[in-house]
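Below is one structure; the comments refer to it alone.
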Protein chains: 2
Amino acid sequence: MNTEEEVNDFVHHGHQEYLTHLSIDSVIFGYHEQQLKILLLKWKGYDGWGLPGGFIKKREPLSDAAYRILKERTNLSNLFLQQFYVFGDSPYRVKERSPHEFRDKFNLQVEDDNWLFKRTLAIGYFALVDYSKVIVQTDFFTESYRWWEVDAIPPLLFDHNDAVDKALLTLRLQIYHQPIGYNLLPEKFTLPEIHSLYETILSKELDQRNFAKKLVTLGLIQKLDERRSIGAHRSPYLYQFVKEKYEQALQEGIVHTY
Amino acid sequence: MNTEEEVNDFVHHGHQEYLTHLSIDSVIFGYHEQQLKILLLKWKGYDGWGLPGGFIKKREPLSDAAYRILKERTNLSNLFLQQFYVFGDSPYRVKERSPHEFRDKFNLQVEDDNWLFKRTLAIGYFALVDYSKVIVQTDFFTESYRWWEVDAIPPLLFDHNDAVDKALLTLRLQIYHQPIGYNLLPEKFTLPEIHSLYETILSKELDQRNFAKKLVTLGLIQKLDERRSIGAHRSPYLYQFVKEKYEQALQEGIVHTY
DNA sequence: TCAAAAGTGTTGTTGTTACACCCATGA
DNA sequence: TCATGGGTGTAACAACAACACTTTTGA
């Protein structure tokens, strides 16, 4: 959506193509240089940062919409993507929006009762993606993008800080009963790499030996007969996920007891 | 919504009061006679069973809507209520609905483009309620209600079996990392009661001594200096939840480690 | 040879599982 | 006094937490 024609069509006829009152907001997590990062877009006019998102086509299954929106934005199709919450409580999600502001900021002609200004609930999805493979598309509404460290997210537009917080909380809870990493690490990775990933996500230290022991005992990862050369240091062994065990743990969860 | 006037107003003017394309479906769990049950409504015309649900008012916060719908249906206001999923993938949630069927079944005049026949996504909420305090209201569309055992849910209308399955799965996963019972048991309860509740929800046996030990060790329940008289048997001690610990565990979760 | 990072095992502690007999109650 | 259900403890085993030194590498 970059040409003037496309934008006008979206603004004035979008209600014929998309469901109104509903949008999808995506919290896209990537991992890079031992930091957990989130992809944010800078909006034109508003001069602030927000989450990527989009609308659901009238006859499009909901999860297809979530995948499509991600694909359009990042050019990725194989990824972990999960619904985590519907946002419909904050004042921003209850009131109608202001067309005046929109006209000013984007310099577009638009009627007061345009579909974009109706009250809109947002379905939150979060994705775990391979940072290095992402190719971000901006569009008419967004002038640039940037990956932000999760510990340094600025105040965002709309209610998007709520969405980021909730996504992080969900991810941190979930990591205790589902394996994570398949989409955040290269196919072959070292113990220090996955160890650091988990420490980063949980934002706390994990004992190096115990951590490795646990993942191997659970059968989630296996050691390969290969090493990676990392310069003037001992070469770490490579590991890979054991696909069947990983999938099984995703399905059934890693559970504790009563 | 019982008089003809109210029903007509709902059908023909509901789109002015409610958000279109969105509904709330509630899976209401109650516990009675050592069985976990779900409240289902029998629809007129369709001659089948479905979940209670409703729509979101245009300026109503989402969670207020979920509470209101439950209150209208069960007359309960203090309860555990939680979003668990948005349903928007099944064919029933993608296609538009048939007004012909509706006209036939309910004998109402209604236009083809009426709001009720638009594609509608459902936000699933589940509630845990005190079975004995529920006073169920039926309305024009529903002729009766019944509590059904979770192991014997019949084929339901629409995509409601999906919702029941997902709610149960969520409840069973959640019980491993959040305490449950505050809304399903009387304020004071016996060990056998809560033990049987957990066995029922998880649908598996739990060792009596170990179970009690765990809950007491976690500090979630405490023994009272009172007993309940249960006829020709030894009188069991009463227990109650330790509110602070319970709330804390709800917030922070009961977590295992890496 | 040095600096930096990786690899590796043991022990004490805690939590989990498995298991069975006696007690209280009222009919 | 009997039938029914409630209450209680221990021991073996498994999992977890805490902990530090040696090896590898190439600059």
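Naming: A, B, ... by sequence-line order, numbering from 1 per chain.
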- request: Output the single nucleotide from C:dG26, C:dC23, D:dT23 whose closest atom is nearest the side chain of B:Arg234.
  value: C:dC23

message: Both A:Asp207 and A:Pro236 contact DNA chain C. Taking the nearest nucleotide for each, which residue is further toward the 5' end?
response: A:Pro236

query: When you measure from the side chain of B:Ile230, which nucleotide among D:dG5, C:dG26, D:dA20 comes out closest?
result: D:dG5

field: Check: C:dA4 base within 3.5 Å donor-acceptor of A:His233 side chain
entry: yes

query: How close or far is atom P of C:dA5 from atom CD of A:Glu193, stated in whole angstroms?
result: 14 Å

query: B:Tyr46 and B:Phe141: aromatic ring centres closer than 6.0 Å?
result: no

- request: With sequence neighbours left out, write down each residue that passes ring-ring contact (aromatic ring centres under 6.0 Å, His included) with A:Tyr239, or none if nothing qualifies.
  value: none

query: Which nucleotide, D:dT24, D:dG26, C:dT25, lies nearest any side-chain atom of A:Arg227?
result: D:dT24

- request: Kindly indicate whether the side chain of B:Lys213 and the base of D:dT10 share any N or O donor-acceptor pair separated by less than 3.5 Å?
  value: yes

message: Without decimals, in angstroms, what is the distance between B:Ile194 CD1 and D:dG6 C1'?
response: 16 Å

- request: Send over the distance from A:Glu205 CD to D:dA18 P, rounded to a whole Å.
  value: 11 Å

message: How many whole angstroms separate atom CG of B:Leu238 from atom C1' of D:dG6?
response: 13 Å

- prompt: Between the side chains of A:Tyr31 and A:Ser196, does any donor sit under 3.5 Å from an acceptor?
  reply: yes

query: Over how many whole Å does the gap from B:Gln208 atom CD to C:dT16 atom P extend?
result: 18 Å

task: Ignoring backbone atoms, test whether A:Lys214 places a side-chain nitrogen or oxygen under 4.0 Å from the OP1 or OP2 oxygen of D:dA15.
output: no

Side chains of residues 156-172 of chain A: which donor-acceptor partners sit under 3.5 Å, not counting sequence neighbours?
from	atom 1	to	atom 2	distance (Å)
A:Asp159	OD1	A:Arg93	NE	3.3
A:Asp159	OD1	A:Arg93	NH2	2.9
A:Asp159	OD2	A:Arg93	NE	2.9
A:His160	ND1	A:Leu51	N	2.9
A:His160	NE2	A:Asp25	OD2	3.2
A:Asn161	OD1	A:Leu156	N	2.6
A:Asn161	ND2	A:Pro154	O	3.2
A:Thr170	OG1	A:Lys166	O	2.7
A:Arg172	NE	A:Ile201	O	2.5
A:Arg172	NH2	A:Ile201	O	3.3

query: Do A:Asn210 and D:dA17 share a donor-acceptor pair, side chain to base, under 3.5 Å?
result: yes

message: Just N and O in the side chain of B:Ser235: are any of them under 4.0 Å from OP1 or OP2 of C:dT25?
response: yes

query: For A:Lys223 and C:dT8, what is the distance between atoms NZ and C1' respectively, to the nearest whole Å?
result: 9 Å

- prompt: Within the side chain of A:Glu199, is there an N or O that forms a donor-acceptor pair under 3.5 Å with the backbone of A:Glu205?
  reply: no

- request: Nearest whole angstrom, please: distance from the P of D:dT23 to the OH of A:Tyr237.
  value: 14 Å

- request: Mark yes or no for a side-chain to base donor-acceptor pair under 3.5 Å between A:Arg209 and C:dG7, with no hydrogen or angle criteria applied.
  value: no

field: A:Lys204 NZ - D:dA17 P separation (whole Å)
entry: 9 Å

message: Any base atoms under 4.0 Å from A:Arg228, or only sugar-phosphate, or nothing? Heavy atoms, all strands.
response: nothing

